[in-house]
Participant: 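This is the structure I have questions about; it appears just below.
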Amino acid sequence: MAQRDSIPAPNFIRNIIAEDLKANKNEGRVITRFPPEPNGYLHIGHAKSICLNFNLAAENGGTCHLRFDDTNPSKEEIEYIESIKKDVQWLGFNWGKHLYYTSDYFEKLFDYAVRLIKDGKAYVDSLSADEIRKYRGTLTEPGKDSPYRGRSSGENLDLFERMRAGEYEDGAHVLRAKIDMASPNLNMRDPTMYRIRRAVHHRTGDRWCIYPMYDFAHCLSDSIEGITHSICTLEFEDNRPLYDWFLEELGVHHPQQIEFARLNLTHTVLSKRKLIELVKDQHVTGWDDPRMPTISGLRRRGYTPEAIRDFCERIGVAKRDSMVDVALLEHCLRENLNKKSPRVMAVLNPLRVVIDNYPEGQVEELEAENNPEDPDMGTRKVPFSRELYIEQEDFREDPPKKFFRLAPGREVRLKHAYYVTCVSVIKNEKTGAVTELHCTYDSETRGGWSKDGRKVKGTLHWVSAAHALKAEVRLYDHLFLKENPIEAKDGTDFKADLNPDSLETLTRCRVEPSLADVQPASRYQFLRQGYFCLDSADSSPGLLVFNRTATLRDTWAKIQKAQEKG
RNA sequence: UGGGGGAUCGUCUAGUGGUAGGACAAUGGACUCUGGAUCCAUUGGCGAGGGUUCAAAUCCUUCUCCCCCAGCCA
């Protein structure tokens, strides 16, 4: 564990970079980049890539660029650019002055394309999209040359200039690299470099009506920025020969593309398409719904950047497909929150308790530690009075084995307060539901200690009825029931695995009065319940709304489960 | 039946010829004014077969399984 803080664990990319450094490749520079397309919100899978790229650079005294890969004006929006910048910053990374856009290079890219045309390495094709597909061949059959493949470089140059000038309709022509229509790698069968697309670009407006494709733009953007290690996900392995081809033909700075396996997490989905579908079909309230694996969702849920960074380090980096247990993410979160969250008492499902022998009208301010893990966090005062609320599930009229909480005749400790004994139970005559408990307290146990040394098995959290604040609490659970929600063979889609109980809203909660002036997004441990944070969107001074970030480990729940099984 | 990748405890990941290690999960115990935290222990793995070697997760070989690729998306 201490190793995490000092020497980073080895992974194959760290090893490659270490070897490059040893061989003095790139004169010892390490420059990486995180290149999102601004057409969606960042999620935990992107966080893996962000941590990888920024950490690799930082560990080696290098820099990491943030570059928006904005080559497709019909899909991209400014809203996404802002959210991506915010998320990267929130995660704790700083691109400094290295904020770039592929669209910054459109003019240079055009010049590179012209050079390839002049060298006879690119040509304008006038086949339709449909025809191009047919000419491409299949996985097992080679493609065939387009009838336009033999155009002279003069003709190609003229056509390409006129494409740029806007003389043709969308789709009338494309610029293609002239490589090999019989290549077993489909990417090398004369890939498209430019297409005509009359759309307003969020940065270049209507200055262009031709836009470069990913394969052409990406490698050259990396090259222009002096990137040394271009790290991407596995599905681009087949694109690497093309990445290398453009840079080789143009004789420019040649970064090394390295591919790693993208993150998969149990009980959620991380594909952009599926995430969009959840938002669009209103299975969640938006991109920042606290159940979403998006950075904005995790933030609103109460996750910390430290926890996410720790997680990204612990999952490692490799090339095999993998599915990480979401329990690891939750572990990183709890470990971080346990150390820094102040403890408070909140009753989620209140049950009224009257302390019969406590003087009516009396109020005591009892001292409570804010965090047993960190005495420096100090103490606070909690009011105690004759009428209290405890958690409904902390009382059982007929307690099962190993139930250490309150029951008729049984004595328990109220945290930071007194030992109390249940003397009678009041029930609703019709339903039989327990509506109120009567207890007596031992005035000699103030603060929760007994001088005679007698022990109690259980300690309960509570609030004073007259002093408690009302609050709404949202309990979140995994979005999906199955570990890996995928399309089934019978055609039912991944949404069939949605957890119907992923959100439970409790509106009658009572929290201790010290929470009156909580700051937005501040995080607490509700004693014996879990970690909670104030909801940044729906909470207001008049209505406190808390999100459950994570539960505490619940040993009692395990015991109960085991008992049910017999 | 084309090409490119990948297989190590339940999960993730180290290990590049010399006793297969860590983390999460699980289980048991200690401790505890949170059935939390902490601490200790236990369980459990090299996809399969053949070969080379004193010695193989690692080298050779055959096989099996999984992932990706036929956008004018990235």
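Each chain gets a letter, A, B and so on, in the order the sequences are listed, and its residues count up from 1. For the numbers below, each heavy atom of this structure counts, side chains included, while hydrogens, waters and symmetry mates do not.
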Participant: Going by ring-ring contact (aromatic ring centres under 6.0 Å, His included), name the residues that satisfy it together with A:His416, two or more places apart in sequence or in a different chain.
Facilitator: none
Participant: Using the C1' atom as the reference point in each nucleotide, state the distance between B:rG18 and B:rA56 in Å, no decimals.
Facilitator: 10 Å
Participant: Within residues 178-197 of chain A, which residues have any heavy atom lying less than 4.0 Å from an atom of RNA chain B?
Facilitator: A:Pro184, A:Leu186, A:Thr192, A:Arg195, A:Arg197
Participant: What I want to find out is whether A:Asp374 reaches A:Arg343 closely enough, with some N-O distance under 4.0 Å, to be called a salt bridge.
Facilitator: no
Participant: Does the pair A:Arg197/A:Asp170 count as a salt bridge with the N-to-O cut at 4.0 Å?
Facilitator: no
Participant: For the pair made of CZ in A:Arg528 and P in B:rA37, what is the distance, rounded to whole Å?
Facilitator: 14 Å
Participant: Could you tell me whether A:Arg203 sits above the aromatic face of A:Tyr101, with NZ or CZ closer than 6.0 angstrom to the six-membered ring centre and within 45 degrees of the axis?
Facilitator: yes
Participant: Tell me if B:rG71 is syn or anti. Syn = glycosidic torsion within 90° of 0, anti otherwise.
Facilitator: syn
Participant: Taking only the side-chain nitrogens and oxygens of A:Thr71, find out if one of them lies under 4.0 Å from OP1 or OP2 of B:rA74.
Facilitator: yes
Participant: Apply side chain to side chain donor-acceptor pair (under 3.5 Å) to A:Tyr112 and list each qualifying residue two or more places apart in sequence or on a separate chain.
Facilitator: none
Participant: Let me see the working for A:Ser183 and A:Asn185 under side chain to side chain donor-acceptor pair (under 3.5 Å), right down to the final yes or no.
Facilitator: CA-CA 5 Å; A:Ser183 171; A:Asn185 180 346; 5.5 Å; no
Participant: Among B:rC72, B:rC12, B:rG35, which nucleotide sits nearest the side chain of A:Phe404?
Facilitator: B:rG35
Participant: Measuring from the side chain of A:Thr555 (C-beta onward, heavy atoms only), which nucleotide among B:rA70, B:rU13, B:rG36 has the closest atom?
Facilitator: B:rG36
Participant: N/O contacts under 3.5 Å, protein versus nucleotides 25-27 of chain B?
Facilitator:
residue: B:rA26; atom: OP1; partner: A:Lys558; partner atom: NZ; Å: 3.4

Participant: Among B:rC72, B:rA7, B:rG15, find the nucleotide with the atom closest to the side chain of A:Ile132.
Facilitator: B:rC72
Participant: Find the distance A:Asp215:CG to B:rG4:C1' and express it as a whole number of Å.
Facilitator: 14 Å
Participant: Between A:Phe216 and A:Phe246, how do the two ring planes meet: parallel, tilted or perpendicular, split at 30° and 60°?
Facilitator: perpendicular
Participant: Any Lys/Arg nitrogen of A:Glu364 or A:Arg446 sitting under 4.0 Å from an Asp/Glu carboxylate oxygen of the other?
Facilitator: yes
Participant: What interatomic distance, in whole Å, is found between P of B:rG44 and the corresponding atom of B:rU11?
Facilitator: 16 Å
Participant: If a pair means Watson-Crick or G-U wobble with both distances below 3.5 Å, what does RNA chain B look like in dot-bracket form, with | marking bases paired to a different strand?
Facilitator: .((((((..((((....[..)))).(((((.......)))))....(((((..]....))))))))))).....
Participant: Which whole-number value in Å describes the distance from A:Ile13 CD1 to B:rA14 C1'?
Facilitator: 15 Å
Participant: Angle between ring planes, A:Tyr194 versus A:Phe110, binned at 30° and 60°: parallel, tilted or perpendicular?
Facilitator: perpendicular
Participant: Measure up the A:Phe494 and A:Phe480 rings against each other and bin them: parallel (under 30°), tilted (30 to 60°), perpendicular (over 60°).
Facilitator: tilted
Participant: OP1, OP2 of B:rG71 versus side-chain N and O of A:Arg136: anything below 4.0 Å?
Facilitator: yes
Participant: Hey, is the side chain of A:Asn15 poking within less than 4.0 Å of OP1 or OP2 on B:rG15, counting only N and O atoms?
Facilitator: yes
Participant: Apply salt bridge (Lys or Arg N to Asp or Glu O under 4.0 Å) to residues A:Asp244 and A:Arg240 and explain how you reach the verdict.
Facilitator: CA-CA 6 Å; A:Asp244 293 336; A:Arg240 180 156 28 98; 5.3 Å; no
Participant: How far, in whole Å, is B:rU53 from B:rG45 if one measures between their P atoms?
Facilitator: 30 Å
Participant: Quickly work out the A:Phe12 CZ to B:rA7 C1' distance and round it to whole Å.
Facilitator: 15 Å
Participant: Looking at A:Phe546, A:Phe526, A:Tyr524, which one forms a ring pair (Phe, Tyr, Trp, His ring centres under 6.0 Å) with A:Phe532?
Facilitator: A:Phe526
Participant: Indicate, yes or no, whether a donor-acceptor pair under 3.5 Å links the base of B:rG36 to the side chain of A:Glu373.
Facilitator: yes
Participant: Say we look at B:rA57 and B:rG6: how far apart would their C1' atoms be, to the nearest angstrom?
Facilitator: 15 Å
Participant: Not counting sequence neighbours, which residues clear salt bridge (charged side-chain N to carboxylate O under 4.0 Å, His left out) with A:Glu367? List them please.
Facilitator: none
Participant: On a whole-Å scale, what distance lies between the C1' atoms belonging to B:rA26 and B:rC12?
Facilitator: 15 Å
Participant: Report the relative orientation of the aromatic rings in A:Tyr418 and A:Tyr441; use parallel for angles under 30°, tilted for 30 to 60°, perpendicular for over 60°.
Facilitator: perpendicular
Participant: Within residues 410-420 of chain A, which residues have any heavy atom lying less than 4.0 Å from an atom of RNA chain B?
Facilitator: A:Arg413, A:Lys415, A:His416
Participant: Using atom CG of A:Asn264 as one end and atom P of B:rU13 as the other, report the distance to the nearest whole Å.
Facilitator: 11 Å
Participant: If we take the C1' atom in both B:rC59 and B:rU27, what is their distance in whole Å?
Facilitator: 40 Å
Participant: Please list, pair by pair, any protein nitrogen or oxygen found under 3.5 Å from a nitrogen or oxygen in nucleotides 65-68 of chain B.
Facilitator:
residue: B:rC67; atom: O4'; partner: A:Asp321; partner atom: OD2; Å: 3.3

Participant: Pick base, sugar-phosphate or nothing for A:Glu141, based on heavy-atom distances below 4.0 Å to the nucleic acid.
Facilitator: nothing
Participant: Under the side chain to side chain contact (heavy atoms under 4.5 Å, CB included) test, which residues partner A:Arg162, sequence neighbours left out?
Facilitator: A:Asp158, A:Glu167, A:Tyr168
Participant: Could you list all the side-chain hydrogen bond (donor to acceptor under 3.5 Å, both in side chains) pairs where at least one residue sits in residues 215-224 of chain A, not counting sequence neighbours?
Facilitator: A:Arg33-A:His218, A:Arg67-A:Asp222, A:Asp69-A:His218, A:Asp215-A:Asn239, A:Asp222-A:Ser230, A:Asp222-A:Tyr243
Participant: Can you tell me how far P of B:rU11 sits from CG of A:Asn484, to the nearest Å?
Facilitator: 13 Å
Participant: Do any pairs count as a salt bridge (Lys or Arg N to Asp or Glu O under 4.0 Å) and have a residue in residues 182-191 of chain A, sequence neighbours left out, and if so which ones?
Facilitator: A:Arg149-A:Asp190
Participant: Using the six-membered ring for Trp and the full ring for Phe, Tyr or His, decide whether A:Tyr214 stacks on the six-membered base ring of B:rA74 (centres under 5.5 Å, planes under 30°).
Facilitator: no
Participant: Atom CD of A:Glu237 and atom C1' of B:rG6: how far apart are they, to the nearest Å?
Facilitator: 9 Å
Participant: Kindly say whether, by distance alone, the side chain of A:Arg314 makes a donor-acceptor pair under 3.5 Å with the base of B:rU13?
Facilitator: no
Participant: Quote, to the nearest angstrom, the P distance that separates B:rC73 from B:rC46.
Facilitator: 47 Å
Participant: Take atom CD of A:Glu391 and atom C1' of B:rG35, then tell me their distance rounded to the nearest Å.
Facilitator: 14 Å
Participant: By nearest nucleotide on RNA chain B, pick out whichever of A:Pro10 and A:Thr138 is the more 5' one.
Facilitator: A:Pro10
Participant: Who pairs with A:Asn53 by side chain to side chain donor-acceptor pair (under 3.5 Å), at least two apart in sequence or on another chain?
Facilitator: A:Ser49
Participant: State whether A:Arg380 and A:Glu512 are salt-bridged, where the test is any N-O pair (Lys NZ or Arg NE/NH1/NH2 against Asp/Glu carboxylate O) under 4.0 Å.
Facilitator: yes
Participant: With C1' as the reference atom in both, quote the distance from B:rA70 to B:rC9 in angstrom, rounded to an integer.
Facilitator: 40 Å
